[in-house]
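By convention in this document, chain letters (A, B, ...) are assigned in the order of the sequence lines, proteins followed by strands, and residues within each chain are numbered from 1.
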Amino acid sequence: MIMERLRATRRLLNYTPKSLFASRSHPNSSEQSICRSASGFAHWGRYYEHQKRRFGGTVWAPLGVLGKASRIQCRYFGSVAETIQRDPSFSKLNSDDISYFKGILGEKNVIQDEDRLAFANTDWMRKYKGSSKLLLLPRSTEEVSRVLKYCNSRRLAVVPQGGNTGLVGGSVPVFDEVIINMSSMNNIISFDKVSGILVCEAGCILENLVSFLDNQGFIMPLDLGAKGSCQIGGNVSTNAGGLRLVRYGSLHGNVLGIEAVLANGDVLDMLGTLRKDNTGYDLKHLFIGSEGSLGIVTKVSILSPPKLSSVNVAFLACKDYISCQKLLLEAKRRLGEILSAFEFLDNESLDLVLNHLEGVRNPLPPSMHNFYVLIETTGSNESYDKETLEAFLLHSMEGGLISDGVLAQDINQASSFWRIREGVPEALMKAGAVYKYDFSLPVEKMYNLVEEMRIKLGNSAKVIGYGHLGDGNLHLNVSTPQYDDMILAQIEPFVYEWTSKHRGSISAEHGLGLMKANKIFYSKSHRTVQLMASIKKLMDPNGILNPYKVLPHSMICDGSSVQT
Amino acid sequence: MKIMVAIKRVVDYAVKIRVKPDKTGVETQNVKMSMNPFCEIALEEALRIKESGLASEVVAVSMGTAQCVDTLRTGLAMGADRGIHVEATGALYPLSVAKLLKALVEVEKPGLLILGKQAIDDDCNQTGQMVAGLLGWPQGTFASKVVLDKENQVATVDREVDGGLETLSLDLPAVITTDLRLNQPRYATLPNIMKAKSKAIKKFTPQELNVEIKSDLEVVQVTEPPKRKAGVVVSSVDDLLDKLKNEAHVI
């Protein structure tokens with residue numbers, strides 16, 4: 001695909017840390033709002049005062065890039081302290097450890113500098129902040145192996161980190177875990193032009209891979225708004241979904257091989273480049289989506305589809321949610337093999353984007369419709385695709401499914417439509433505090449949740465829904481001026497219970513990380529989770545890989561641990 | 001009053017262009033083609049003038065191979081009333097285009113001829129000026145604002161020039177070429193795309209218009225600009241001085 005998609009995430013990431021630190025030293029104390037806890041934990045205790053002074057509050061951060069000052073809600077969870085305690089069986093770092101790491105990695109790649117650590121300790125949404133004192137930048141699988149072997153023997157907890165764009169706090173330390181950042185392992189190892197199989201290291205930034213493949217006439221099978229910063233190792237470890245899943249499927253299908261390092265330093269070379277290989281248990285799938293808790297992915301071999309020349313994007317308006325669903329069905333039937341994306345956003349989402357982002361205009365003025373759908377087709381024959389798409393759109397319009405719509409006539413127009421859809425998370429960040437949820441639900445029921453939440457919260461918050469309608473994935477977001485526990489209490493556990501009742505997933509693509517570590521039972525049975533815990537204990541007996549995340553604490557911390 | 005707008009089919013603005021291996025031009029096979037952005041702005045301006053009641057009809061003109069019809073359809077979908085396609089194979093340089101436009105103006109007799117200031121494939125910035133000269137019409141190029149006075153048959157055009165803005169008053173009929181800040185082109189809405197299917201596109205050939213396509217220009221070679229060399233990190237001031245003196249020869 002040759003469209004330029006704007007990198008909202010990267011812009012925010014590029015400048016945010018500096019401004020954040022500038023204002024942190026002069027907090028606007030009169031406006032210090034009360035520091036809020038992590039999801040659902042209402043009890044405060046002695047940590048309250050401590051956090052209020054050091055971490056909480058509303059911070060003014062001038063948005064230099066975009067030219068106007070705006071409030072960014074910062075909500076630090078310091079140590080997500082009341083219910084999670086630092087596991088006392090983990091050792092604390094000492095100077096011998098630092099020297100040892102320097103010996104393996106060299107001085108430059110052992111970071112103890114406060115500013116860089118602060119950045120690595122904080123997640124993209126600025127909701128989670130760890131207190132790690134050490135950031136390591138290994139440059140090869142060998143170095144990762146030696147580091148992990150040492151950490152395992154010393155019982156030092158580690159956090160594997162890629163682009164740090166995750167939305168559930170899975171990429172930052174909870175306490176003082178050592179951060180192993182893969183950014184230095186960013187080489188493309190090989191590319192087979194005939195089969196389209198790309199082999200690269202885990203630290204390659206997705207956008208760079210896209211550019212590389214573009215020159216060869218191929219594309220990456222996944223695409224997400226964070227592409228300017230996210231790394232392929234992280235994408236694989238979180239089984240990232242994204243905008244193209246409806247066409248190219250999930251990473252479980254596209255990743256052909258993985259090289260990973262286990263907790264004890266063993267290197268597992270499963271870096272096959274074969275489309276078919278039925279020899280034994282396909283272990284690479286364990287690493288796809290386990291969020292770094294079973295091993296650190298160091299290399300990935302991925303199948304890339306050929307780049308097709310004809311891309312068409314249409315931005316449509318529907319009067320109600322039922323029309324959106326019917327449109328999806330019609331699209332799958334009539335556009336069939338050329339459909340490459342089907343996204344939806346509601347009226348409130350568009351409103352938010354138009355108000356908070358620069359250079360964005362409503363493609364369908366003057367009225368605001370209730371729902372908007374973005375359809376993209378990708379094919380090899382320009383005129384055929386355009387004809388098919390136009391015929392489908394006109395037919396849908398005559399059938400009353402679409403109330404209005406526009407078809408992009410060139411790449412710039414197509415980009416501007418995508419900017420609207422991809423800009424919703426960024427607009428939410430600018431609008432204030434946001435509670436973010438990501439559910440897989442049956443398509444018919446999906447929007448009911450948004451409407452119920454809207455009724456429940458009334459005027460106290462803005463509830464918006466948008467997402468990958470083509471995959472049955474709703475991104476439910478509640479936007480409030482400030483974080484407020486009362487609102488949180490009305491959202492959770494209601495949304496989780498609702499999802500569970502409809503046999504949906506409480507995390508369609510974002511993963512569990514820290515945010516939903518104890519929520520897995522809403523979507524998975526007890527026995528299933530028990531088996532997961534057994535696998536975790538088998539592969540990481542000391543539990544050093546990304547602790548406190550993914551699986552419920554009760555399943556992991558049952559006392560038994562094996563010294564290797 | 002009729003407005004005629006000339007639009008050109010070019011390689012899409014957002015595409016990364018590549019030079020053909022034989023260096024005769026830029027690769028256009030399997031590459032996304034769209035309407036020239038300045039032509040979009042020209043058409044948008046014509047449509048706005050029509051919507052304000054000062055013109056009765058907007059005619060879009062394009063010249064070239066059969067695929068130009070796609071671009072004309074886009075123009076019709078934006079709101080043009082009729083299309084004219086001048087079928088011509090081979091390269092069309094600005095002077096030929098200007099001559100063809102003059103012939104069409106004599107057929108259609110528009111009160112205003114609006115073009116984009118230049119095409120993004122050749123960056124010539126010549127056609128508008130040439131056709132004004134051939135027709136003997138006044139021209140307002142690089143327009144960033146156009147105000148029509150129908151009663152007095154005068155167009156007031158703000159031009160973007162190097163020194164700032166220049167305001168000209170042109171007697172109609174006139175030629176206007178549009179610059180970037182004139183307006184923001186509209187999207188092609190589905191109802192309009194539907195209507196466009198029934199709008200007429202008339203075909204002409206250069207022979208019918210009594211224009212001979214020949215050119216005194218020949219493209220000899222097309223090459224990429226030299227790649228920017230990577231910088232070098234020097235280790236000390238002495239090293240820097242050494243490089244400035246012996247490698248760059250600037251001191």
S.K.: Assess whether a salt bridge exists between A:Lys227 and A:Glu422, defined as any Lys/Arg side-chain N lying under 4.0 Å from an Asp/Glu carboxylate O.
M.R.: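 Answer for the salt bridge query: yes.
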S.K.: Does a salt bridge link A:Glu330 with A:Arg333, judged by any charged N lying under 4.0 Å from a carboxylate O?
M.R.: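 Yes, A:Glu330 and A:Arg333 are salt-bridged.
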S.K.: Which heavy-atom pair separates A:Glu207 from A:Gly228 by the least distance, and what is that distance?
M.R.: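 Smallest heavy-atom distance, with atoms named: OE1-CA, 3.6 Å.
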S.K.: With chain A as the partner, which of B:Asn192, B:Thr189, B:Asp70 has the greatest number of non-hydrogen pairs under 4.5 Å?
M.R.: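 Ranked by contacts with chain A, first place is B:Thr189.
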S.K.: When heavy-atom pairs shorter than 4.5 Å are enumerated against chain B, which of A:Glu382, A:Met397, A:Gln413, A:Lys386 gives the highest number?
M.R.: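 Ranked by contacts with chain B, first place is A:Gln413.
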S.K.: B:Arg18, B:Glu40, B:Met78, B:Met33: which one forms the most heavy-atom pairs within less than 4.5 Å of chain A?
M.R.: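 Going by pairs under 4.5 Å, I would pick B:Glu40.
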S.K.: With heavy-atom distances below 4.5 Å as the criterion, would you say the side chains of B:Asp121 and B:Val26 are in contact?
M.R.: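 Contact flag for B:Asp121/B:Val26 side chains = no.
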S.K.: Is there a side-chain contact between B:Leu180 and B:Phe38 in this structure, where contact means two heavy atoms from C-beta onward sitting under 4.5 Å apart?
M.R.: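 Side chain of B:Leu180 against side chain of B:Phe38, heavy atoms only: contact under 4.5 Å found.
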S.K.: With a 4.5 angstrom heavy-atom cut-off, is it the side chain or the backbone of A:Leu316 that approaches chain B, or both, or neither?
M.R.: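 Only the side chain of A:Leu316 comes within 4.5 Å of chain B.
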S.K.: Side chain, backbone, both or neither: which part of A:Glu390 has an atom under 4.5 Å from a heavy atom of chain B?
M.R.: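 For A:Glu390, the side chain is the part near chain B, not the backbone.
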S.K.: Tell me, for A:Gln409 versus chain B, whether the close heavy atoms (under 4.5 Å) come from the side chain, the backbone, both or neither.
M.R.: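 Both the backbone and the side chain of A:Gln409 come within 4.5 Å of chain B.
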